[in-house]
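Notes for the one structure printed next.
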Amino acid sequence: WRTALGDVDFREVTKDIAAAEKKKAGSSTVRLLKCYEVSKPHQLVGYVLFELREKGSKSKKQRYCELVNIVVGEDHQGCGAGRKLFEALLKELEQVAPEKKNDLRLYVAEQNTDPLSWYLRLGFRPSGY
């Protein structure tokens, strides 16, 4: 993630998003799920950030979920944390927006090969955009 996004303090990012969600009293379309170490409850392992979206005219309304990113700290990569976060996203969608669960979208630059291959292993397919 550092290569793609630079030096980002993800703990601060998650605080900012959580604060914005609180202000909107749960009506936010932007959602954040965080994963912490069991033995160290304040140690952030990773997060998934997604947005419930609607666009288009009333007759051709598109309702979908845009996966912004799944980020796992380097110390926890390769042990299934990212997959667990993805599974948590699907479970959350089932509860809050089941109509969007089957239309999950994301953008990954072709040059970002490691995340791209990981998303392909999760079942995503290129759409050609």
Side-chain angles (χ1 to χ4, degrees):
W1 51 264
R2 188 168 281 128
T3 304
L5 302 174
D7 246 350
V8 176
D9 184 344
F10 290 108
R11 188 174 293 276
E12 289 303 314
V13 170
T14 60
K15 281 181 186 175
D16 290 347
I17 293 165
E21 284 181 343
K22 224 178 224 184
K23 282 183 185 177
K24 292 184 179 182
S27 65
S28 175
T29 61
V30 176
R31 315 281 275 186
L32 175 71
L33 302 175
K34 298 183 269 187
C35 176
Y36 292 94
E37 268 192 47
V38 174
S39 62
K40 301 175 189 170
H42 299 291
Q43 177 65 43
L44 184 63
V45 171
Y47 70 86
V48 57
L49 180 64
F50 60 100
E51 183 172 5
L52 305 175
R53 313 246 355 234
E54 290 186 10
K55 71 177 188 180
S57 65
K58 284 186 178 185
S59 63
K60 295 185 180 185
K61 182 78 69 183
Q62 293 181 43
R63 292 177 175 89
Y64 62 96
C65 175
E66 181 178 343
L67 174 55
V68 178
N69 55 24
I70 295 178
V71 177
V72 175
E74 287 182 65
D75 295 349
H76 296 92
Q77 292 178 2
C79 64
R83 183 171 290 278
K84 288 291 186 189
L85 283 163
F86 180 69
E87 290 168 2
L89 160 65
L90 295 178
K91 190 174 183 177
E92 176 82 0
L93 283 176
E94 190 69 45
Q95 294 174 358
V96 299
E99 75 281 2
K100 295 176 181 165
K101 182 181 178 189
N102 293 324
D103 194 354
L104 188 56
R105 304 175 189 184
L106 75 145
Y107 171 79
V108 180
E110 287 182 21
Q111 334 52 311
N112 206 358
T113 56
D114 289 341
L116 182 57
S117 67
W118 186 77
Y119 285 117
L120 290 172
R121 287 195 310 272
L122 285 176
F124 284 90
R125 296 288 168 247
S127 65
Y129 290 106

Q.
Going by ring pair (Phe, Tyr, Trp, His ring centres under 6.0 Å), name the pairs with one or both residues in residues 52-71, residues two or more places apart or in two chains.
A. none
Q. Could you give all pairs that pass the ring pair (Phe, Tyr, Trp, His ring centres under 6.0 Å) test and reach residues 65-85, with sequence neighbours left out?
A. none
Q: Please report the closest heavy-atom contact between G82 and W118, naming both atoms and the distance.
A: C-CZ2, 3.5 Å
(Q) Using every non-hydrogen atom in the two residues, find where L120 and R125 come nearest and quote the distance to one decimal. (A) O-NH1, 3.4 Å
(Q) Please enumerate all residues that pass side-chain hydrogen bond (donor to acceptor under 3.5 Å, both in side chains) together with K101, with sequence neighbours excluded. (A) E94
Q: Quick one: do E54 and K100 satisfy side-chain contact (heavy atoms from CB on, under 4.5 Å)? Show the steps, please.
A: CA-CA 10 Å; E54 290 186 10; K100 295 176 181 165; 4.0 Å; yes
Q. Taking NZ, NE, NH1 and NH2 as the nitrogens, is one of them in E66 or R53 under 4.0 Å from a carboxylate oxygen of the other?
A. yes
Q | Closest contact, heavy atoms only, L85 versus G46 | A | CD1-C, 3.8 Å
Q: Can you measure from OH (Y119) to OH (Y107) and round to the nearest 0.5 angstrom?
A: 13.0 Å
Q) How far does CD of Q95 sit from NZ of K91, to the nearest 0.5 angstrom? A) 6.5 Å
(Q) Surrounding NZ of K61 (heavy atoms of other residues, nucleotides or ligands, distance under 6.0 Å), is the total greater than 12? (A) yes
Q: May I ask you to test the F124-L67 pair for a side-chain heavy-atom distance under 4.5 Å?
A: yes
Q: Just do the side-chain contact (heavy atoms from CB on, under 4.5 Å) check on L90 and L104 with the steps written out, would you?
A: CA-CA 9 Å; L90 295 178; L104 188 56; 4.0 Å; yes
**Q.** Rounded distance (nearest 0.5 Å) linking atom SG of C65 with atom CG of N102
**A.** 11.5 Å
**Q.** Which atom of A109 lies closest to which atom of L116, heavy atoms considered
**A.** O-CD2, 4.5 Å
**Q.** side chain to side chain contact (heavy atoms under 4.5 Å, CB included) partner of V48, chosen from V72, I70, V68
**A.** I70
Q | Pair R63-D103, side-chain contact (heavy atoms from CB on, under 4.5 Å): steps then yes or no | A | CA-CA 8 Å; R63 292 177 175 89; D103 194 354; over 6 Å; no
